[in-house]
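These notes are about the structure you will find just below.
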Amino acid sequence: MSVKDKVVQIIADQGLLDVTDVTLEATLDDLGIDSLGVVESIFAIEEEFDIEVPFNANAPAQSDFDISSVASIILAVENLVAEQT
Amino acid sequence: MNRVVITGAGTINALGVTVPQTLEAMREGRLGIGALDFRDVERLSIKIGGQVHGFDAEAHFDRQKLGLYDRFTQFTLIAAREAVAQSGLTFSDELAETSGVVLGTAAGGMNTWDDNFRSVYEEGKNRVHPFVVPKLMTNAATSHVSIEFNLQGPSLTVSTACASSNHAIGLAFQMVRSGMARTMIAGGSESMLTFGGIKAWEGLRVMSKTACRPFSANRSGMVQGEGAGVFVLETYVDAKARGAGILAEIVGFSMTSDASDIVMPNKDGAARAIRGALRDARMDMSEIGYINAHGTGTAANDKTECAAIADVFGGHADQLMISSTKSMHGHLIGATGAVELLACVMALRDGVIAPTLGYESADPDCALDVVPNTARDAKVTGVISNAFAFGGMNAVLALKAV
């Protein structure tokens with residue numbers, strides 16, 4: 001599975017959705033994932049890829065991890081994997 | 001119903017090892033938050049906190065006692081000794097039988113858990129010291145205060161996360177007010193600054209790597225602290241009869257539940273608790289001059305808290321001052337309400353309002369007078385102290401000058 005597929009699976013699991021429901025332009029909010037769900041998803045991503053995700057829930061826009069859409073998350077994870085592994 | 005007053009106060013926290021030291025630090029706007037220093041701190045991504053410095057346990061407790069006292073109990077006893085000494089009370093006979101202790105804590109003996117788990121799981125040891133259980137139990141601090149001061153009346157430990165101390169002080173207040181107890185020792189203690197303790201919090205992503213900036217537009221989360229605050233509560237009549245110095249009067253207490261989310265705060269739950277405290281105190285909102293905020297420095301709390309205050313106080317919200325001393329000593333979790341009550345005493349007794357440190361930019365969602373960065377001289381006669389905890393547990397105290 002590619003990074004993209006794994007991230008989509010994680011988000012689908014968090015939102016109790018089918019992977020086909022997780023579209024690239026969707027926001028996590030669109031997918032029914034609340035703030036606790038965001039933090040859980042980030043944990044699952046860290047566990048899956050063994051990376052450290054720089055994310056502060058108080059200033060999400062200032063974190064070096066763009067959670068504004070599924071596509072931006074995938075890109076952020078790909079970059080972290082390249083940097084950290 | 002009895003009037004309830006505070007006749008003794010004690011503390012140990014990042015700002016000082018006594019109440020006078022702590023109040024001086026608050027007046028001067030000193031920062032007690034710095035680099036964390038303990039085993040494995042290099043493995044943490046959060047490396048700042050409000051640790052207690054200049055505390056030599058062996059100077060206060062003999063080796064036998066130390067074997068029984070987790071750090072959170074040590075903090076409690078230091079603070080309790082200062083408070084009881086200030087009150088001038090000794091407990092014997094009927095007073096001992098009708099006086100008790102209610103203390104708040106979120107984690108109890110976490111250092112003991114941490115050290116011993118490490119020992120058996122990481123280091124593979126097959127035995128631990130026989131006193132591990134009595135050290136780590138969350139009632140240990142309460143019990144040791146009862147033992148040291150001979151308090152034979154109603155005693156318990158209260159645990160409601162960040163509201164624990166306010167709940168403890170509020171319950172003790174109710175017990176003295178109703179006559180169920182003659183005198184109560186009340187407050188809270190917390191010592192969670194260990195590798196495991198901080199690592200657990202990191203996952204929630206609400207802690208700041210840099211500073212605690214309550215109400216500031218650029219706030220980035222909470223910073224943890226440790227310490228204890230303990231008070232002696234007795235009736236106004238008793239205090240006057242024996243010529244005791246009175247620090248302040250506790251006049252109201254309210255506790256509510258958000259019944260909504262396990263971590264996110266709720267404006268209505270908070271507003272109901274604030275209104276409830278005013279109602280219990282039979283105070284009009286216009287009598288409040290200062291609010292010691294919960295003010296954790298998280299995006300969520302500060303915004304919600306300001307909205308709740310605006311809801312309750314309406315136009316009067318613009319006339320009052322609100323500050324968060326967590327900006328100086330950190331968030332003491334189960335002990336935070338107790339240490340913050342000292343800022344309330346300072347406001348009422350000394351006419352000094354503690355500042356909110358680290359304030360850099362105005363947030364339109366927090367458009368109140370947050371006493372930014374510098375303490376202020378001001379006469380206030382009514383104060384409230386907020387605590388809004390994880391799980392929606394809210395506890396608010398109302399106090400007046402005497």
Side-chain angles (χ1 to χ4, degrees), chain A residues 6-7 9-16 26-85, chain B residues 42-48 198-224 258 260-266 294-306 324 326-327 330-331 358-361 363 365-366 390-392:
Chain A
K6 285 182 187 173
V7 172
Q9 184 66 66
I10 286 168
I11 293 173
D13 287 346
Q14 187 63 45
L16 301 174
T27 66
L28 294 179
D29 195 52
D30 290 340
L31 301 172
I33 294 173
D34 67 9
S35 60
L36 261 187
V38 167
V39 157
E40 261 198 307
S41 304
I42 289 173
F43 172 68
I45 287 168
E46 287 194 324
E47 289 280 277
E48 172 65 49
F49 297 100
D50 196 22
I51 54 175
E52 239 186 76
V53 171
F55 178 76
N56 184 319
N58 295 283
Q62 276 129 58
S63 306
D64 293 324
F65 189 76
D66 184 356
I67 57 160
S68 52
S69 69
V70 173
S72 69
I73 294 171
I74 292 167
L75 182 59
V77 175
E78 284 168 348
N79 288 334
L80 287 171
V81 168
E83 278 168 33
Q84 293 182 24
T85 60
Chain B
E42 341 59 71
R43 284 179 59 197
L44 292 172
S45 63
I46 300 295
K47 296 184 161 82
I48 58 168
I198 304 284
K199 184 50 80 180
W201 275 92
E202 283 184 356
L204 261 179
R205 305 290 179 153
V206 291
M207 293 180 67
S208 172
K209 289 186 174 176
T210 51
C212 177
R213 303 184 188 283
F215 311 117
S216 197
N218 63 339
R219 60 190 184 273
S220 56
M222 52 175 274
V223 174
Q224 272 193 64
D258 288 347
S260 54
D261 195 273
I262 197 66
V263 289
M264 294 300 280
N266 179 300
H294 190 57
T296 54
T298 62
N301 175 80
D302 297 355
K303 176 178 165 172
T304 306
E305 182 165 15
C306 289
S324 169
K326 288 183 174 74
S327 58
H331 189 347
Y359 189 77
E360 287 183 343
S361 46
D363 180 348
D365 288 335
C366 303
F390 272 2

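Chain letters run A, B, ... following the sequence lines, proteins first and then strands; every chain starts at 1.
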* Asked: Of the backbone (N, CA, C, O) and the side chain (C-beta and beyond), which part of A/Phe43 lies under 4.5 Å from a heavy atom of chain B, both, or neither?
  ->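 Neither part, no heavy atoms under 4.5 Å.
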
* Region of A/Glu46 that comes under 4.5 Å of a non-hydrogen atom in chain B ->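 The side chain, not the backbone.
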
* Find out whether A/Val39 and B/Arg205 are in side-chain contact, i.e. whether some heavy atom of one side chain is under 4.5 Å from a heavy atom of the other. =>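 Sidechains of B/Arg205 and A/Val39: in contact.
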
* To do: Locate the shortest heavy-atom distance separating B/Val206 from A/Asn58; write the atom from each residue and the value.
  =>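 In terms of heavy atoms, the two residues are closest at O-ND2, 3.1 Å.
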
* Asked: Which region of B/Ile262, side chain (C-beta onward) or backbone (N, CA, C, O), has a non-hydrogen atom less than 4.5 Å from a non-hydrogen atom of chain A, or is it both or neither?
  ->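 Side chain only.
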
* Asked: Where along residues 207-215 of chain B does a heavy atom come under 4.5 Å of chain A, listed by residue number?
  ->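 Result: B/Met207, B/Ser208.
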
* Kindly check if the number of other-residue, nucleotide or ligand heavy atoms within 6.0 Å of CD (A/Glu52) is above 12? =>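 No, the 6.0 Å shell around CD holds no more than 12 heavy atoms from other groups.
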
